[in-house]
Structure formats: structure tokens, C-alpha cells
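When a residue number appears, it is its place in the shown sequence, counting from 1.
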Amino acid sequence: MTDPNGRELVLTRSIAASPTALYRAWTEPDLLRRWFAPSPFVVTEAETDLRPGGATRIVMRGPDGTEFPSAGIYLELVENARIVFTDAYVRAWEPSTKPFFTGIITFEPEGDATRYTARALHWSADDCTAHEAMGFHDGWGRCADQLAALAAGL
């Protein structure tokens, strides 16, 4: 997909798991901890308040012990189909100091598998370029592989 505004990054995979399993892995904190950070990073904290306006918070820890907290809110939750979240707010509609992107995650049945699509819509083309340079495709791709492995066993 081509983004004429230069503000969107997309990762799409066919995953051999049900939309239900993938949705659970995205919404249940105990499951999120097991796949959300690209190895060798780990998730040390995961919180979800599954409702529009509900907070989500994830803390990743790198191999050197550095922690990377990420806070946001859910904008939309369609069970087993779609999750929309943003870091534009940190909780209860409290604006963040520097919004970076809105994520749209979709799970579409595709035979015995699911078409998994992760879209990152950035506030500016510069933010999008920075996210790509941080390793969006590699990092989110490794996480998608970890997600697939986990969801296949659910």
C-alpha cells in the first residue's frame, strides 16, 4: 500500500491462528507480556482497560535493563476483528506531551488462517520516518512472528 502523505507504516501477515486467538493475545495482559516486545527485549508490565477511552500501558525492558514505557488509550475495540489505540492520550482523555502514532490492528479470517494487519498512522511524516528508522518493519515483524507462535497454541 502506498501512503501519499508519507505518514503510514503497514505490516501484514497471514497467521495460522484464529482471529479470536490473536485478539486475546492483544488484549489479555498475561499474553501481551509473552510476545509484544521483539526478543531479546521483554515486557515487564502490561495493563489493558478494554473500552473506548480505557488506558493501555506497556513497559518493555531491553537487554541492558533500560525500560521503555508506552501509554495510550483505546479508541475502538471490535472483539476478534479490530483494535484501535493511540498515544495521543495517556489515560482518561488526558493529552500526552508528544503524540506519535495511532495503531490500527485488524484480524480478518482467511481460510484456516487470519490476515493480520498492523497499521501505524503518524502525526507527521517526520514521525513516520523516525519510526521506520527505529526498525518498525523488523521489530514489528519479529513481534508478529512471536504473536503467531503464541496464538497458534491458544
Side-chain angles (χ1 to χ4, degrees), residues 1-62 68-93 96 99-123 127-128 130-132 134-154:
M1 175 185 317
T2 302
D3 173 18
N5 297 316
R7 298 184 329 178
E8 182 176 3
L9 297 171
V10 180
L11 177 87
T12 301
R13 296 275 173 89
S14 179
I15 295 180
S18 70
T20 300
L22 294 171
Y23 186 85
R24 283 186 58 209
W26 262 94
T27 57
E28 295 178 21
D30 289 342
L31 297 176
L32 266 170
R33 284 183 194 90
R34 295 170 52 190
W35 72 269
F36 193 80
S39 181
F41 286 73
V42 296
V43 173
T44 58
E45 297 176 44
E47 300 170 15
T48 60
D49 179 2
L50 301 175
R51 62 185 174 85
T56 177
R57 182 172 184 277
I58 295 174
V59 178
M60 290 184 273
R61 179 180 296 144
F68 302 90
S70 174
I73 64 160
Y74 294 104
L75 298 173
E76 179 182 28
L77 295 144
V78 179
E79 190 170 0
N80 305 326
R82 180 178 168 96
I83 299 168
V84 181
F85 60 93
T86 185
D87 65 355
Y89 299 94
V90 292
R91 68 187 153 277
W93 306 108
S96 67
F100 187 61
F101 79 102
T102 295
I104 301 173
I105 310 301
T106 56
F107 316 105
E108 300 172 66
E110 186 175 72
D112 291 337
T114 299
R115 172 64 49 191
Y116 169 77
T117 303
R119 297 173 55 209
L121 290 78
H122 299 83
W123 295 101
D127 286 344
C128 185
H131 201 180
E132 191 166 33
M134 282 187 238
F136 171 84
H137 292 288
D138 177 55
W140 283 52
R142 286 190 285 151
C143 287
D145 292 343
Q146 294 166 183
L147 169 64
L150 173 68
L154 295 179

*Asks:* For the CG atom of L121 and the CD atom of E8, what is their distance to the nearest 0.5 Å?
*Replies:* 4.5 Å
*Asks:* Could you pull out all residues at least two apart from F36 that satisfy ring-ring contact (aromatic ring centres under 6.0 Å, His included)?
*Replies:* W26
*Asks:* About how many Å separate OG1 of T114 and CD1 of I15, when rounded to the nearest 0.5 Å?
*Replies:* 7.5 Å
*Asks:* Taking only residues two or more places apart in sequence, or in another chain, which ones meet D30 in a salt bridge (charged side-chain N to carboxylate O under 4.0 Å, His left out)?
*Replies:* R33
*Asks:* Could you walk me through whether I58 and F68 pass side chain to side chain contact (heavy atoms under 4.5 Å, CB included), step by step?
*Replies:* CA-CA 8 Å; I58 295 174; F68 302 90; over 6 Å; no
*Asks:* Spell out, as yes or no, whether a donor-acceptor pair under 3.5 Å connects the side chain of D87 to the backbone of G72.
*Replies:* no
*Asks:* Would the distance check show the side chain of Q146 and the main-chain N or O of R34 forming a donor-acceptor pair, the cut-off being under 3.5 Å?
*Replies:* no
*Asks:* What residues, two or more places apart in sequence or in another chain, satisfy salt bridge (charged side-chain N to carboxylate O under 4.0 Å, His left out) together with D127?
*Replies:* K98
*Asks:* Could you tell me which residues satisfy side chain to side chain donor-acceptor pair (under 3.5 Å) with T27, sequence neighbours excluded, listed by chain and number?
*Replies:* none
*Asks:* At what distance, to the nearest 0.5 angstrom, does OG1 of T102 lie from CZ of R119?
*Replies:* 10.5 Å
*Asks:* Minimum heavy-atom separation for P99 and A88, please, with both atom names.
*Replies:* CB-CA, 3.7 Å
*Asks:* Does some side-chain heavy atom of R13 sit less than 4.5 Å from a side-chain heavy atom of W140?
*Replies:* no
*Asks:* Start with the C-alpha distance between H122 and F100, add both sets of side-chain angles, then the distance that settles side chain to side chain contact (heavy atoms under 4.5 Å, CB included), and finish with yes or no.
*Replies:* CA-CA 6 Å; H122 299 83; F100 187 61; 4.1 Å; yes
*Asks:* Can a salt bridge be assigned to the pair E108 and R115 using a cut-off of 4.0 Å between side-chain N and carboxylate O?
*Replies:* no
*Asks:* Heavy-atom distance under 4.5 Å between the side chains of R61 and F41, does that happen here?
*Replies:* no
*Asks:* Going by heavy atoms in the side chains, are I83 and Y23 under 4.5 Å from each other?
*Replies:* yes
*Asks:* Who pairs with E132 by salt bridge (charged side-chain N to carboxylate O under 4.0 Å, His left out), at least two apart in sequence or on another chain?
*Replies:* none
*Asks:* Heavy atoms only: give me the nearest W35-C143 pair and the separation to one decimal.
*Replies:* CE3-O, 3.5 Å
*Asks:* Could you tell me how the ring of F136 sits relative to the ring of H131: parallel (under 30°), tilted (30 to 60°) or perpendicular (over 60°)?
*Replies:* perpendicular
*Asks:* So how far is it from T44 OG1 to M60 CE, rounded to the nearest 0.5 Å?
*Replies:* 9.5 Å
*Asks:* Count the heavy atoms of every other residue, nucleotide or ligand shown that sit under 6.0 Å from OH of Y89, and state whether that count exceeds 12.
*Replies:* no
*Asks:* Looking at every non-hydrogen atom in both residues, tell me the closest pair between G139 and P38 and how far apart they are.
*Replies:* O-CB, 3.9 Å
*Asks:* Give a yes or no on whether the backbone of S39 and the side-chain of R142 come within a donor-acceptor separation of less than 3.5 Å.
*Replies:* yes
*Asks:* Quick one, Y74 with T48, criterion side chain to side chain contact (heavy atoms under 4.5 Å, CB included). Give me CA distance, side-chain angles, the key distance, then yes/no.
*Replies:* CA-CA 9 Å; Y74 294 104; T48 60; 3.1 Å; yes
*Asks:* Applying salt bridge (charged side-chain N to carboxylate O under 4.0 Å, His left out), name anything that partners E47, two or more places apart in sequence or on another chain.
*Replies:* none
*Asks:* Counting only heavy atoms not in D112, do more than 12 sit closer than 6.0 Å to its CG atom?
*Replies:* no
*Asks:* Over all heavy atoms of both residues, which pair between L154 and A21 is shortest? Give the atoms and the distance, please.
*Replies:* CD1-O, 3.6 Å
*Asks:* Please give me the minimum heavy-atom distance between I73 and A92, naming the atom from each residue.
*Replies:* CG2-N, 4.3 Å
*Asks:* So which atom in T86 and which in F101 form the shortest heavy-atom distance, rounded to 0.1 Å?
*Replies:* OG1-O, 3.4 Å
*Asks:* Tell me, do L32 and V43 make a side-chain contact under 4.5 Å, heavy atoms counted?
*Replies:* no
